[in-house]
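Step one of this worksheet: look at the structure below.
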Amino acid sequence: VTRGLCATPIFNNRQQLNQVRGRLRRQPGGKETAKLFCLVDAAVYGAKPVRNFLAWGWPTKVLEGGEWVGGKAWLEARKR
C-alpha cells in the first residue's frame with residue numbers, strides 16, 4: 001500500500017495517526033514513498049488539525065479554492 005486516506009477525526013490522536021503512518025511507510029521491495037491524505041472539514045473542526053500536523057512535524061498542505069496551499073500559509077490567511 002502506498003497511499004492512505006483518513007476520513008475520521010484521527011488528527012486528534014497523535015499515537016494512532018503515527019501507527020497508521022508507520023504501516024504505510026513499511027518498505028517492501030519496489031514500494032515508492034507512501035502518502036497519507038486526511039480529509040478534514042474546516043467548517044466543523046476549524047484549524048486544529050492543520051496546527052496539529054504542523055506541530056507534529058508532518059508536511060501539510062490544504063486544498064483551498066482548488067489549489068494546494070502550505071499549511072502555515074493557510075493558517076496565516078485564516079487570521080486575516
Q: Would you please name every residue forming a salt bridge (Lys or Arg N to Asp or Glu O under 4.0 Å) with Glu64, sequence neighbours left out?
A: none
Q) Can you tell me how far CG of Asn52 sits from CG of Asn12, rounded to the nearest 0.5 angstrom? A) 6.0 Å
Q. Does the ring of Trp58 carry Arg14 above it, NZ/CZ under 6.0 angstrom from centre and within 45° of its axis?
A. no
Q) What's the spacing between Arg51 CZ and Arg78 CZ if we round to 0.5 Å? A) 8.5 Å
Q) Quick one: OG1 on Thr60 to CH2 on Trp68, what's the gap to the nearest 0.5 Å? A) 11.0 Å
Q) How many angstroms lie between atom CG of Leu36 and atom CG of Leu17, to the nearest 0.5 angstrom? A) 6.0 Å
Q) Applying the 4.5 Å side-chain criterion to the ILVMFWY set and letting contacts propagate, would Tyr45 and Phe37 be lumped into a single cluster? A) no
Q. Name the one of Cys6, Cys38, Pro49 that satisfies side-chain contact (heavy atoms from CB on, under 4.5 Å) with Phe11?
A. Pro49
Q. Going hydrophobic residue to hydrophobic residue with side-chain gaps under 4.5 angstrom, can you get from Leu39 over to Trp56?
A. no
**Q.** ILVMFWY clustering at 4.5 Å (side-chain atoms), partners of Leu54
**A.** Val50, Val62, Val69, Trp74, Leu75
Q: Starting at CG of Asn13, measure out to CD of Gln19 and round the result to the nearest 0.5 Å.
A: 9.5 Å
